[in-house]
Amino acid sequence: MAVQTSVHRLLEQEARALLTRLARVKPFALHETMVPAAAPSVGVLEAVERYLVEGRGELRSRVHDYLAWLHGPGRNATPEQAHRRFVYLRLRFNVVLSHFDIFADVMTQRSEHETGAWMAGLDVVAADALELGGGYFEPPPVVCYLDRGHGAAIRRARTRLPGGGLNPVAIVRVPRERVVGTGIASSLVHEVGHQGAALLDLNNSLRAALRERAAAATGDRVAWQTWERWISEIVADLWSVARVGVGSTMGLIGVVSLPRAFVLRINADDPHPVPWIRVRVSSALGAALYPDPQWQRLFNTWKSYYPLTADMAPAHREVIAALERTTPELVRLILTHRPAALKGDSILKAMRDPERLPDRLREKFRRWNGSFLRMRAARPSLVFAALGQARADGVLTPERESRLLADLLTYWALRRALDTTRQAAAPRRRLAAAATT
């Protein structure tokens, strides 16, 4: 009995210690030093703080229940039983902390000089790129952060977090090597496309269509089965091309320009298309959405980097040839597809924006004449599309592009912060005006 009492006392102390450490986890608004322009949107902050507060509250309640059990029914429990219950509490405590750290990685970076405001600007671009029009879905809040590596990634909203719980916002990881300059829009909007595709259930709908096409195929069946495996990445590339035009394919080339063995290697377990084919599909999607000779020129340049030489294994070369041969039909299948979420519209109708046709983008860039004041009033993703088109046409230098993008991202972040301040102040102004009448 003395051992049992000692064990219960120790476990009680440990449980109370969990409560004290839990109390040290404060809302981000109390300990982040970011300037207002660098702050995430109100929607992001509200969703994240609510999620974390609810998680801490649930854990706190479980700890109190455990303490009450120790002093009640658990008084006669064996040390093993009492300890087992405590272990589960501690595991839950670590889950709560891991969720806090996921968002802390995003929030803490906002305190970096310049970088914080750029991230807030990218939030604005991402939210704009996710908007599709047509009332097809309600977009979740989006927040961006930087990390090492050359590839971007997304933790989609409404997906399961480690240890349980649904992610309240979309978190986009942007490669630091792309900030701020060529290719950042391509990487960012590709990841946004994963979120958009999930909201519209495009991947499952297209997979069903591709399975039907593979079953009906008299030849190239393996190619169609391969397209089905790769469709999620292809749809995300489509979203990127639809929003930022040729800058998307140019950015993709920057990401997948690797040693030849990696560019032509087919990995059956990889959901990403083999890079050589991926650029082919991106170019074909661009040509179908926004016709212009530039797409073929760009793909010809890509082929010159990685020619299909005679020393390739015949079987490997045939697979690449089958994929290239079926690319035009794949593009038609995707763009003419009418998933239920689009309410009878085709993907082409939902995704194509006439304002992003190459000639219109060129005209916008000429009309802006390099004026920051003119650019900042346009939709952010449209500005990225026009700048990407200018880079492709050779009329915008990398140095000028980088300066413009840095200034624009900072401006969009500041504008959102000021708009939020005005919206918050509006009710107080109305109350003050009513009090004087």
Side-chain angles (χ1 to χ4, degrees), residues 150 178 181-187 189-190 193 233-234 236-260 262-264 272-309 312 317 320-332 334-335 348 351-368 381-402 404-405:
H150 67 276
R178 308 228 120 194
T182 298
I184 190 171
S186 176
S187 296
V189 183
H190 172 88
E233 293 297 325
I234 292 171
D237 282 343
L238 165 65
W239 202 288
S240 183
V241 171
R243 299 273 73 81
V244 294
V246 71
S248 172
T249 306
M250 292 176 63
L252 173 62
I253 288 175
V255 170
V256 300
S257 289
L258 300 166
R260 180 181 175 84
F262 294 99
V263 172
L264 291 166
H272 295 82
V274 56
W276 198 93
I277 286 294
R278 187 174 174 187
V279 173
R280 170 73 178 99
V281 173
S282 178
S283 302
L285 288 168
L289 284 166
Y290 306 123
D292 191 276
Q294 67 181 349
W295 300 102
Q296 187 60 50
R297 289 196 302 268
L298 188 57
F299 180 58
N300 288 341
T301 299
W302 173 250
K303 287 196 295 183
S304 73
Y305 295 161
Y306 303 99
L308 299 181
T309 55
M312 292 176 61
R317 189 183 180 96
I320 295 290
L323 290 167
E324 187 175 12
R325 189 165 55 243
T326 53
T327 292
E329 187 178 350
L330 170 72
V331 169
R332 285 194 297 273
I334 292 172
L335 294 181
L348 176 64
M351 297 296 295
R352 185 174 182 269
D353 180 2
E355 288 300 305
R356 297 167 205 256
L357 286 163
D359 283 343
R360 293 201 184 181
L361 294 176
R362 293 179 180 116
E363 176 57 30
K364 289 180 192 301
F365 187 75
R366 285 194 295 269
R367 192 167 65 248
W368 291 338
S381 63
L382 185 60
V383 174
F384 269 91
L387 294 181
Q389 185 64 57
R391 273 296 307 279
D393 293 339
V395 296
L396 177 65
T397 67
E399 295 82 5
R400 177 63 175 156
E401 179 193 39
S402 182
L404 280 171
L405 290 179

Side-chain heavy atoms of [X] within contact of [Y], under 4.5 Å:
| X | Y | result |
| --- | --- | --- |
| V244 | L382 | no |
| V383 | W368 | yes |
| L308 | L264 | yes |
| L289 | D353 | no |
| H190 | S248 | no |
| P354 | R360 | yes |
| L357 | R352 | yes |
| W239 | L285 | no |

How many angstroms lie between [atom1] in [X] and [atom2] in [Y], if you round to the nearest 0.5 Å?
| X | Y | atom1 | atom2 | value |
| --- | --- | --- | --- | --- |
| E329 | I334 | CD | CD1 | 11.0 Å |
| Q389 | L396 | CD | CG | 11.5 Å |
| L252 | S257 | CG | OG | 8.5 Å |
| W276 | E324 | CH2 | CD | 4.0 Å |

Specify the closest pair of heavy atoms between [X] and [Y], including all atoms of both residues, with the distance to one decimal.
| X | Y | value |
| --- | --- | --- |
| P275 | W302 | O-CZ2, 3.7 Å |
| L361 | A385 | CD1-O, 3.7 Å |
| I253 | Y305 | CG2-CE1, 4.5 Å |
| S186 | S240 | O-OG, 3.3 Å |
| I277 | I320 | CD1-O, 3.9 Å |
| M250 | A392 | SD-CB, 3.4 Å |

For this session: Evaluate the side chain to side chain contact (heavy atoms under 4.5 Å, CB included) criterion for residues V246 and R391: first the C-alpha distance (whole Å), next the side-chain angles of each, then the deciding distance (0.1 Å), finally the verdict.
Result: CA-CA 9 Å; V246 71; R391 273 296 307 279; over 6 Å; no
Problem set entry | Chi angles and distances behind the side chain to side chain contact (heavy atoms under 4.5 Å, CB included) call for I184, F384 | CA-CA 9 Å; I184 190 171; F384 269 91; 3.7 Å; yes
Problem set entry | Pair R317-T309, side chain to side chain donor-acceptor pair (under 3.5 Å): steps then yes or no | CA-CA 9 Å; R317 189 183 180 96; T309 55; 5.7 Å; no
Problem set entry | Chi angles and distances behind the side chain to side chain contact (heavy atoms under 4.5 Å, CB included) call for V281, L323 | CA-CA 10 Å; V281 173; L323 290 167; over 6 Å; no
Do [X] side-chain atoms and [Y] backbone N/O form a donor-acceptor pair below 3.5 Å?
| X | Y | result |
| --- | --- | --- |
| S283 | V279 | yes |
| R260 | P307 | yes |
| T326 | A322 | yes |
| R356 | R243 | yes |
| T249 | G245 | no |

For this session: For V263 and V256, run side chain to side chain contact (heavy atoms under 4.5 Å, CB included): C-alpha distance rounded to whole Å, both residues' side-chain angles, the deciding distance at 0.1 Å, then the answer.
Result: CA-CA 7 Å; V263 172; V256 300; 5.8 Å; no
Exercise. Do R362 and D292 sit within salt-bridge range, that is, some charged N less than 4.0 Å from a carboxylate O?
Worked result: yes
Exercise. Less than 4.0 Å between a side-chain N and a carboxylate O, is that true for R366 and E363?
Worked result: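 Yes, E363 and R366 are salt-bridged.
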Problem set entry | Distance under 6.0 Å and angle within 45° of ring axis: R280 vs F299 |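 Satisfied, under 6.0 Å and within 45°.
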